[in-house]
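Notes follow once the structure below has been shown.
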Amino acid sequence: MGNREKLLEAAQECLFTKGFDGTTVRDLASAAGVSMAAIGYHFGSKEALLNQALFKALDSGERAFGGPTDDADLGALLNRVIEAFSADKTFWVANLEAVLRAQRDPELRTQLAAGLQQGRSGMGREVTGTAEEELSEAEIRTIGSVQLALISGLMMQHLTDPGSAPTADEVVAGLRALAARLPEEA
């Protein structure tokens with residue numbers, strides 16, 4: 001494994017354990033077993049390295065959500081996601097920090113927008129059990145977008161007030177209640 005890969009792996013671990021703001025250049029270099037100068041050489045800055053590590057972690061879904069499954073049970077997916085918010089709180093805070101930083105960083109905003117598109121597709125896969133490449137654009141824009149919005153809202157509630165945040169069963173019950181109030185055709 002080269003220095004670049006070592007740094008990405010170390011940065012992912014630091015995001016999960018220390019968060020974005022709590023991670024120093026020294027932490028990254030030490031965890032990767034490389035010089036601090038290697039960060040600038042391979043990524044340009046600590047922030048660029050941490051951003052790439054965040055995207056890589058979200059892309060894989062392994063640590064973030066426990067990895068993809070073939071189970072299209074929404075309740076089971078919500079349980080996994082809610083457990084992930086508790087298990088890796090520091091990582092999810094780093095995720096929110098990235099959204100806030102993107103408001104002042106056009107390059108990061110562009111990267112996050114691309115990540116959201118991929119997230120919609122991934123959420124579509126998780127909810128329907130259909131391979132991403134088989135999902136229609138309409139499924140991605142509807143099912144994937146709504147699921148991503150739901151997950152984002154749950155994340156903020158579970159990070160801010162976990163004792164009052166809804167359980168997976170409560171979310172499913174709420175979705176059923178909302179669906180009963182939808183017009184026949186939208």
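Predicted model, so just to flag it, every value in this text is computed and none were measured.
- Of the possible polar contacts, one joining the D27 side chain to the T24 backbone as a donor-acceptor pair under 3.5 Å is found.
- Residues L135 and R125 share a closest heavy-atom pair of CD1-N, 3.5 Å.
- Hydrophobic clustering places F85 together with L150 (ILVMFWY residues linked when any side-chain heavy atoms are closer than 4.5 Å, directly or through intermediates).
- A donor-acceptor pair is defined here as one N or O able to donate and one able to accept, closer than 3.5 Å; such a pair exists between the side chain of N51 and the backbone of E47.
- Proximity of L154 to P166: side-chain heavy atoms (C-beta onward) are separated by under 4.5 Å at one or more points.
- The shortest side-chain heavy-atom distance between H42 and L8 does not fall under the 4.5 Å cut-off.
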(request) I would like to know whether H158 and V81 meet side chain to side chain contact (heavy atoms under 4.5 Å, CB included); could you show each step before the answer? (result) CA-CA 10 Å; H158 277 271; V81 168; over 6 Å; no
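- Remark: side-chain polar atoms of Q12 are not paired, donor with acceptor, to backbone N or O of E9 under 3.5 angstrom.
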(request) Could you go through the side chain to side chain contact (heavy atoms under 4.5 Å, CB included) check for T23 and T17 one step at a time? (result) CA-CA 9 Å; T23 299; T17 58; over 6 Å; no
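- Closest of all the heavy-atom pairs between F43 and A48 is O-CB, 3.3 Å.
- Under the 4.5 Å side-chain heavy-atom criterion for grouping Ile, Leu, Val, Met, Phe, Trp and Tyr, L28 is not connected to Y41 through any hydrophobic cluster.
- Rounding to the nearest 0.5 angstrom, the gap separating the CG atom in L7 from the CE atom in M1 is 10.5 Å.
- Closest of all the heavy-atom pairs between L108 and F55 is CD1-CZ, 3.9 Å.
- Looking only at distances, a side-chain donor or acceptor of Q103 sits under 3.5 Å from a matching main-chain atom of V99.
- In terms of modelled atom types and a separation under 3.5 Å, the side chain of E139 and the main chain of S136 share a donor-acceptor contact.
- To the nearest 0.5 Å, atoms CG (N95) and OG (S152) are separated by 8.0 Å.
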(request) Verify side chain to side chain contact (heavy atoms under 4.5 Å, CB included) between L96 and M155, making sure each step is shown before the conclusion. (result) CA-CA 9 Å; L96 288 175; M155 175 179 53; 3.5 Å; yes
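- Residue E137 places its CD atom among more than 12 non-hydrogen atoms of other residues, nucleotides or ligands, all under 6.0 Å distant.
- Summarising the geometry of F20 relative to K46, their closest heavy-atom pair is O-NZ, 4.1 Å, with the distance given to 0.1 Å.
- Distance check, rounded to the nearest 0.5 Å: OG1 of T130 to CD of E133 gives 10.0 Å.
- Using cut-offs of 30° and 60° on the angle between ring planes, the pair F91 and F16 is parallel.
- When only modelled atom types and interatomic distance are considered, Q52 and R4 share a side-chain donor-acceptor pair under 3.5 Å.
- The main-chain N or O of A84 is found under 3.5 Å from a side-chain atom of W92 such that the two form a donor-acceptor pair.
- Note that CG of D161 and CE of M156 are 13.0 Å apart. Values are rounded to the nearest 0.5 Å.
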(request) Start with the C-alpha gap between T90 and L15, add the side-chain angles, then the distance that decides, and say whether side chain to side chain contact (heavy atoms under 4.5 Å, CB included) holds. (result) CA-CA 7 Å; T90 304; L15 281 173; over 6 Å; no
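- By the rule that hydrophobic residues join a cluster once side-chain heavy atoms approach within less than 4.5 Å of another member, V25 and V34 end up as members of one cluster.
- The existence of a salt bridge linking R80 and E126 is confirmed by a sub-4.0 Å separation between a basic side-chain nitrogen and an acidic carboxylate oxygen.
- Both V172 and L77 are part of a single hydrophobic cluster, where members link through side-chain heavy atoms under 4.5 Å apart.
- Both I151 and L116 sit in one connected hydrophobic cluster of ILVMFWY residues. Membership requires side-chain heavy atoms under 4.5 Å apart, directly or through other members.
- Taking NZ of K18 as the start and CG of L50 as the end, the distance is 12.0 Å to the nearest 0.5 Å.
- When atom types are taken as modelled, the side chain of E5 and the backbone of G2 share a donor-acceptor pair closer than 3.5 angstrom.
- Taking CG of D21 as the reference point, atom CD of E97 lies at 4.0 Å (rounded to 0.5 Å).
- The two residues T167 and I82 come nearest to each other via the heavy atoms C-CD1, 3.9 Å.
- Here the shortest heavy-atom pairing between M123 and G144 reads CB-O, 3.7 Å.
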